[in-house]
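Everything on this sheet refers to the single structure shown next.
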Amino acid sequence: MYLIEDATPAEKYKAILGVVKRVPKGCVATYSQIADIAGLPGRARMVGKALGATFASSEIPWFRVLRADGRIAFGADTHIGKEQAMHLSNETIEVKNMRVNLKLYQWRPESLWGDSTD
DNA sequence: AATTTGACCCCGC
DNA sequence: CGCGGGGCCAAAT
């Protein structure tokens, strides 16, 4: 059986980016969540690495990835930070003080959450 | 080849 | 909310 853990770094990055692409418009995910879904639990940092390597690729919704507390990973005074906040706002995601309410916008993949009639 | 760095996270205090 | 400490691992020094 193929384990992503045994794959080359390049393959891991591809797996990570593949998950990021699946984050739906209007939703956000956290670095650790992406790592977890990609089959790489505990590798949140690698998600940042992967995104940085393919930075601003039009195919990848990098701006939908936030830190564990819902904060944007860049300062409010940085160009990239403002750009990310703008992208999110354009998707009707409310960004206050560089932070998003995960309770409201976090992506819930059905494969992991099952069909709860919450 | 050893050390540091980085779009991170979790725990305890 | 803030700090320190440990974990994580590929890439850059």
Side-chain angles (χ1 to χ4, degrees):
Chain A
M1 162 181 176
Y2 173 80
L3 291 180
I4 185 64
E5 300 269 5
D6 300 327
T8 65
E11 285 295 319
K12 290 178 185 171
Y13 285 166
K14 210 166 11 169
I16 288 169
L17 296 177
V19 173
V20 176
K21 283 192 212 168
R22 282 168 41 199
V23 180
K25 183 180 179 184
C27 292
V28 297
T30 68
Y31 290 92
S32 65
Q33 180 185 6
I34 296 296
D36 201 46
I37 295 172
L40 296 166
R43 261 57 65 132
R45 301 185 86 157
M46 196 181 289
V47 175
K49 277 278 210 168
L51 286 177
T54 66
F55 178 68
S57 168
S58 55
E59 299 289 304
I60 300 170
W62 57 271
F63 50 86
R64 298 193 186 123
V65 185
L66 308 171
R67 297 210 318 215
D69 59 0
R71 276 186 176 286
I72 286 176
F74 307 96
D77 53 341
T78 67
H79 173 72
I80 183 71
K82 293 174 187 171
E83 187 179 329
Q84 182 166 9
M86 182 195 70
H87 272 293
L88 295 174
S89 295
N90 286 343
E91 296 189 351
T92 71
I93 294 174
E94 186 180 7
V95 182
K96 278 226 186 298
N97 203 358
M98 297 306 278
R99 179 171 21 184
V100 168
N101 186 334
L102 294 180
K103 289 288 187 187
L104 299 180
Y105 301 103
Q106 184 166 31
W107 177 39
R108 291 175 177 70
E110 291 162 26
S111 55
L112 293 183
W113 287 73
D115 58 342
S116 77
T117 53
D118 190 304

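What you see is a predicted model, and the numbers here were worked out from it, not measured in a lab. Note on naming: letters A, B, ... go to the chains in the order of the sequence lines (proteins, then strands), and numbering restarts at 1 for each one.
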Quiz item: A/Arg67 side-chain donor-acceptor pair to B/dC8 base, under 3.5 Å: no
How is A/Arg99 classified with respect to the nucleic acid when contacts are heavy atoms under 4.0 Å: base, sugar-phosphate, or nothing? sugar-phosphate
Can you check the A/Tyr13 OH to B/dC8 C1' distance for me, whole Å? 13 Å
Please check: side-chain N/O of A/Gln33 versus main-chain N/O of A/Trp107, any donor-acceptor pairing under 3.5 Å? yes
Rounded distance in Å - NZ (A/Lys49) to P (B/dT5): 13 Å
If I take atom CG in residue A/Leu17 and atom C1' in nucleotide C/dA10, what distance separates them, rounded to the nearest angstrom? 14 Å
Integer-rounded Å distance: B/dA7 C1' and A/His87 NE2: 14 Å
Rounded to whole Å, the CG-C1' distance (A/Leu40 to C/dA10) equals 12 Å
Check this one for me: any side-chain N or O of A/Arg43 less than 4.0 Å away from OP1 or OP2 of C/dC9? yes
Answer yes or no: is there a side-chain heavy-atom contact under 4.5 Å between A/Tyr2 and A/Ile4? yes
Measure from the side-chain heavy atoms of A/Pro9 and tell me the nearest of B/dA7, B/dC8, C/dA10. C/dA10
Whole angstrom is fine here: how far is it from OH in A/Tyr31 over to P in B/dG6? 14 Å
Between C/dG4 and B/dA7, how far apart are the C1' atoms? Round to whole Å, please. 22 Å
Decide whether A/Ile37 and A/Leu3 are clustered together by the hydrophobic rule: side chain heavy atoms of Ile, Leu, Val, Met, Phe, Trp, Tyr closer than 4.5 Å, transitively. no
Taking atom P of C/dA11 as reference, at what distance in whole Å does atom CZ of A/Arg45 sit? 14 Å
Per A/Met46 side chain, nearest of listed nucleotides C/dA10, B/dA7, C/dC8: C/dA10
Mind checking whether A/Trp62 and A/His87 have parallel, tilted or perpendicular rings, split at 30° and 60°? perpendicular
Given atom CG of A/Leu88 and atom C1' of B/dA7, what is their separation to the nearest angstrom? 13 Å
Between B/dA1 and C/dC8, how far apart are the P atoms? Round to whole Å, please. 23 Å
Is A/Lys12 close enough to C/dA10 that one of its side-chain N or O atoms is under 4.0 Å from OP1 or OP2 there? yes
Between A/Val95 and A/Met86, is there shared hydrophobic-cluster membership here, with clusters defined by ILVMFWY side-chain heavy atoms closer than 4.5 Å? no
